[in-house]
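Written out below as structure tokens is the structure these notes cover.
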Amino acid sequence: MEEPTRGGLTVSQFLRGVLIAVVLVSAGWILYTIRGTLMPFGIAFVLSYLLIPVVDYLESHRVNRMAGTALVLVSIIGIFVVSIVTFVPVLVTGMGDMKDSILGNRPTWSCVIANRGWDVVRFTEVKISNADFVLDPTILPVELAPGEQDTISISFVPTSMTPTVATAVILGDNDGSDPLVLRLSGNLSEASDPLNFVPGKVKSLGAVQLALSDSAHAFGRVEPGYLMHFKMQIAALQPQMQKAFPSFENFDIAKRIGDFLQGAATEVLNETPALLSSVLSGMTFLVIVPLVLFFLLAEGRSIKRSLIEIIPNQYFEMVLNLLHRIDLQLGGYIRGMVMSVVLISMLSMLGLRVIGLRDYLVVGTIAGVANIIPYLGPLIGIFAGTIAVILQYSTLGWGTILPVVIVFLAVQLADNVFVQPVVVARSVNLHPLIVIFVVLVGSQMFGAVGMLLAVPLTAVVKVSVQTVYESLRSYSLT
Amino acid sequence: MKIPWIRRSNLGVWTKIPLFEELSRREQQDVNAVLQHKTYKKGELVFQQGNPGTGLFVVITGSVDVQQEEDDGTILHLASAKPGEFIGELALLDDSLRTASAIAVDDTSVVALYRTDLLALSESRPRLGVKILMQLSQIVAERLRRTNRALKEVRLMADTASEGA
């Protein structure tokens, strides 16, 4: 009897397809859910590809595999610790500085108000006379019972370096006639700032006695963030824009664009240094990665052998062949990638150092790591370099930008002429559209780290699928 | 009392095949570490003609038939491998396609040495690798000589046949 068909498929074929799809989707979902746990294993896996040749080399020189693995691991941990102690702090502070320069470092001052009287006091509003000083989110009105205290935080977000003075008036609904006044100043030179040595004070508000920890605060010199510059420049264009497009009358372009950029920049810049330090200092990583790495290095072959043993006789020769080819391709790709990151970082740092860029370590590292992403990577390097130039010289001119661009062009040239030919397997040809797509997907799913890992992961998948496909064609599968 | 790590038991019948007979006890143990034990049910394919080869199989128990399928579909029986005999040794040299199929005619157990493992072994222990590869070359060379002799005889026969005509 013939099985009923549906669109050319037999029902059992259809069901099998559905089953495979369900298994794949649930496997993907499980992997996505446990991605945090997979990270140390993934890192150990990648590292093992880098280190297996070293252990093999040692073994061929009559070093026992266990001993060789231990030796390699100890050296790696040593290098890791030294780099954490020396390089990473520089990098994290450097990135923190860059973040402050772009967003402004936003110093915040908190003033404690204590109720020393015997009546309840209510504050309803804080009026600040200058927009450079921003009241941090506070729930108003604040009600203070006798003996209670609360804090009011004010941040200084300057738009320029001009000296600024302001007052913050804390209005309560008990007695409006004599409000609490805080005096604020910013960007005054230290000697001329009258607010530097104002003591805290106790003030009577009618029958109520209030104590202030400080009644004035000098913020000192605070450079406006680069975003603020940018916002000001756009704000200056607003009148012309309104003339040209009357519909923009009630549309504060500067604020909109500023807010958008602020949001985007905050996300990327705030997360990255934190992420870097959390990844490097996380206990799981420090314990699990070396552990997994040890077993992969010392017993990788027997692990692989016992995995192969499960494969049914019918397929095992084929699977063995596939595994071997994927192994070769992946090993080449991963080793090549790490090698080119290191080489490009060092070349960029060298070049940037020569032209006298202050943040050459940070920019060089960014450029080297970003170089993983084809097409976009070099642009990211130039972009980071440009920002560093702006931060250093606070202007954007050809005289300062050109050397950076030339350095990166030279590095790209060196990459193409010297690095790429050596690192043959790095060139997994991905279509530019695919690169853009996976980079965007990566950034949406995992942020900045996702952007970086998207292309290598795609390349790994592509190499594997390609190898499987090519090999399967030479097998007569029934 | 048994002390396992100084026990000198025979590693298995595979140590007797020409490929491994020159190896020292220590080297045989290294080879043993990369060998894979496999079992096949009666009638199962060990490898199939036309697929890329992966390695050599030594029959431990049971029996394996080697047969070639001709272009016209007829099946030519080439040889049977009994315990202690080996098949598929050319796959240790490259991954060219298998020229014949191997089928288990009984429930059979084999040990397999794969090319990738042999290469890794040769890299970590070059002397051992050289010994095995020299043995393999001698087997191949001997077979080439035999083929050449056979070819010569065929030519001679063809010449005498054409002279007689």
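Order of the sequence lines sets the chain letters (A, B, ...), proteins ahead of strands, with each chain counted from 1.
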Under 4.5 Å from any heavy atom of chain A - which part of B/Thr39: backbone
Contacting moiety of B/Tyr114, where chain A heavy atoms sit under 4.5 Å: side chain
Heavy-atom count around [X] [atom1] within 6.0 Å, excluding the residue itself: above 12?
{"X": "A/Phe41", "atom1": "CZ", "result": "no"}
{"X": "B/Asp71", "atom1": "CG", "result": "no"}
{"X": "B/Lys82", "atom1": "NZ", "result": "yes"}
{"X": "A/Phe294", "atom1": "CZ", "result": "yes"}

Contact residues of residues 102-113 of chain B (partner chain A; heavy-atom separation under 4.5 angstrom): none
Selection from B/Glu44, B/Arg115, B/Arg127 maximising heavy-atom pairs under 4.5 Å formed with chain A: B/Glu44
Interatomic distance, A/Lys304 atom NZ to B/Gln36 atom CD [nearest 0.5 angstrom]: 10.5 Å
Rounded distance (nearest 0.5 Å) linking atom NZ of B/Lys38 with atom CD1 of A/Ile311: 7.5 Å
Short side-chain to backbone donor-acceptor contact, B/Arg125 and A/Glu59, under 3.5 Å: no
Under 4.5 Å from any heavy atom of chain B - which part of A/Leu323: neither
